[in-house]
Amino acid sequence: PLEMSAKKPVPFLRQVVPVRKKVQRDPRFDDLSGEYKPEIFMKTYSFLDGIKKQEKEMVQKQLKKCRNMEQKEKLQRLLNRMTQQEQAQKKQQKLRERELTLKRQQRELAKQGKKPFFLKKSEKRKLELAEKYAELKRSGKLESFLNKKRKRNAIKDKRHLPSQKSL
């Protein structure tokens, strides 16, 4: 760089060497990162399930030992969140497996020379609901689930009815 006198005032419009700005990129939307495939992701990061299991056990042990109510409440919330995440992951895995089996069946039918048939979203939902009811029936929780659903629907119906004040 050119050495300048400190006594001389700096010009108003001085020439500064432009610095290249770093371009930030989000790997979720960038083509350089490749395509997201949940099956590959689950296989690659399957070791995390073991770590999560250990952490959950550790939190449960801490919860048993803990005497402070505030700390106990915090640990209980953490444990609940962990179990909910675990359940959500299992649910997602089941859904993925179901879709894979449907795809395999479609491929088999295509190999046999039949025209492929794809289920609509509503039909998929109906199948999912039927599966849920079958699971509840197996575990013996169907009646309590239906009672809760009836109560919920009754509350919704009451909300939509005109109130006494308006009559």
Side-chain angles (χ1 to χ4, degrees), residues 19-64 66 72-163 166:
V19 180
R20 274 204 156 186
K21 205 173 189 181
K22 279 188 180 179
V23 180
Q24 291 181 340
R25 61 183 193 88
D26 194 340
R28 295 173 297 174
F29 309 113
D30 202 350
D31 293 332
L32 293 172
S33 302
E35 207 175 299
Y36 172 69
K37 292 177 184 161
E39 297 84 25
I40 294 170
F41 182 84
M42 292 302 289
K43 281 181 185 174
T44 311
Y45 294 101
S46 60
F47 68 92
L48 289 176
D49 294 333
I51 294 169
K52 283 181 182 178
K53 203 175 203 178
Q54 287 174 350
E55 284 179 353
K56 189 177 174 185
E57 287 171 4
M58 196 171 69
V59 168
Q60 284 174 335
K61 284 178 185 175
Q62 284 180 348
L63 190 67
K64 283 180 183 177
C66 190
K72 203 169 193 173
E73 210 171 282
K74 232 183 222 180
L75 287 170
Q76 188 62 47
R77 277 197 299 258
L78 179 65
L79 189 65
N80 287 342
R81 191 170 70 228
M82 286 174 145
T83 52
Q84 283 175 350
Q85 284 175 349
E86 200 175 289
Q87 287 171 350
Q89 193 176 11
K90 282 179 185 175
K91 190 178 178 182
Q92 200 126 28
Q93 186 66 28
K94 268 188 180 179
L95 198 121
R96 213 174 287 122
E97 284 173 7
R98 192 181 310 125
E99 283 179 7
L100 279 171
T101 53
L102 285 170
K103 277 185 182 179
R104 283 190 196 117
Q105 287 173 353
Q106 293 305 322
R107 282 194 196 116
E108 288 297 318
L109 290 172
K111 281 180 184 175
Q112 293 170 8
K114 294 180 181 176
K115 198 174 181 183
F117 173 75
F118 300 101
L119 290 172
K120 287 188 246 172
K121 223 178 200 180
S122 59
E123 290 171 348
K124 281 183 186 177
R125 236 182 276 131
K126 283 178 187 175
L127 284 172
E128 201 174 304
L129 192 66
E131 199 174 293
K132 185 178 179 182
Y133 275 90
E135 180 65 38
L136 286 167
K137 198 170 190 178
R138 264 199 306 269
S139 62
K141 297 176 182 176
L142 181 66
E143 199 57 45
S144 63
F145 175 77
L146 288 174
N147 285 334
K148 284 180 185 176
K149 198 157 185 72
R150 279 190 208 106
K151 282 181 185 177
R152 232 180 286 133
N153 287 337
I155 290 168
K156 280 183 187 176
D157 291 341
K158 278 184 185 177
R159 208 176 293 145
H160 291 297
L161 289 173
S163 62
S166 62

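These figures come from a predicted structure and were not determined experimentally.
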*Does the side chain to side chain contact (heavy atoms under 4.5 Å, CB included) test come out yes or no for Leu109 and Lys115, once each step is laid out?*
CA-CA 7 Å; Leu109 290 172; Lys115 198 174 181 183; over 6 Å; no

_For a quick test of reading the model, state the closest non-hydrogen atom pair linking Lys72 to Leu63 and the distance between them._
O-CD1, 3.4 Å

*Gln106 side chain to Phe118 main-chain N or O, any donor-acceptor pair under 3.5 Å?*
no

*Interatomic distance, Met42 atom CE to Leu48 atom CG [nearest 0.5 angstrom]*: 9.5 Å

_Least distance between heavy atoms, Leu78 atom then Val59 atom_ = CD2-CG2, 3.7 Å

*Working to the nearest 0.5 Å, report the span between CG of Asp30 and CZ of Arg25.*
4.5 Å

Output a table of donor-acceptor pairs, distance under 3.5 Å, between side-chain atoms of residues 143-157 and any protein atom two or more places apart or on a different chain; print 'none' if there are none.
residue, atom, partner, partner atom, Å
Ser144, OG, Lys141, O, 3.0
Asn147, OD1, Arg150, NH1, 2.8
Asn147, ND2, Glu143, O, 3.3
Asn153, ND2, Lys149, O, 3.4

*Flag the pair Glu135 and Arg138 as a salt bridge only when some basic side-chain nitrogen lies within less than 4.0 angstrom of an acidic carboxylate oxygen.*
yes

*Do Arg77 and Lys74 come within less than 4.5 Å of each other through their side chains, counting heavy atoms only?*
yes

*Look at Glu86 together with Lys53 and state whether they make a salt bridge at an N to O cut-off of under 4.0 Å.*
no

*Among Lys90, Lys91, Arg96, Gln89, whose side-chain contact (heavy atoms from CB on, under 4.5 Å) with Gln93 holds?*
Arg96

*Expected output: side-chain Glu123 to main-chain Lys120 donor-acceptor under 3.5 Å*: yes

*With a 4.5 Å limit on heavy-atom distance, are the side chains of Leu75 and Cys66 in contact?*
yes

*Using the test side-chain contact (heavy atoms from CB on, under 4.5 Å), find all partners of Glu128 that sit at least two apart in sequence or belong to another chain.*
Leu95, Arg98

*Rounded to the nearest 0.5 Å, what's the gap from CG on Leu127 to NZ on Lys132? Could you check?*
15.0 Å

*Would you say Arg28 and Ser33 make side-chain contact, with heavy atoms under 4.5 Å?*
no

_Quick check for you: to the nearest 0.5 Å, what is the distance between Leu129 atom CG and Ser122 atom OG?_
12.0 Å

_Taking ring pair (Phe, Tyr, Trp, His ring centres under 6.0 Å) as the cut-off, I'd like each qualifying pair that reaches into residues 42-61, sequence neighbours left out, listed once._
Phe41-Tyr45

*Taking C-beta and beyond as the side chain, do Arg81 and Gln85 meet within less than 4.5 Å on heavy atoms?*
yes

*Should Met82 and Lys52 be marked as a side chain to side chain contact (heavy atoms under 4.5 Å, CB included) after you check the CA-CA gap, both sets of side-chain angles, and the distance that decides it?*
CA-CA 8 Å; Met82 286 174 145; Lys52 283 181 182 178; over 6 Å; no

*Would a 4.5 Å heavy-atom cut-off, applied to side chains only, mark Glu108 and Lys111 as touching?*
yes

*Hey, what do you get for CD (Glu57) to CD (Gln62), rounding to the nearest 0.5 Å?*
12.5 Å

_Distance (rounded to the nearest 0.5 Å) between Glu99 CD and Leu102 CG_ = 7.5 Å

*Is any side-chain heavy atom of Lys37 less than 4.5 Å from a side-chain heavy atom of Glu35?*
yes

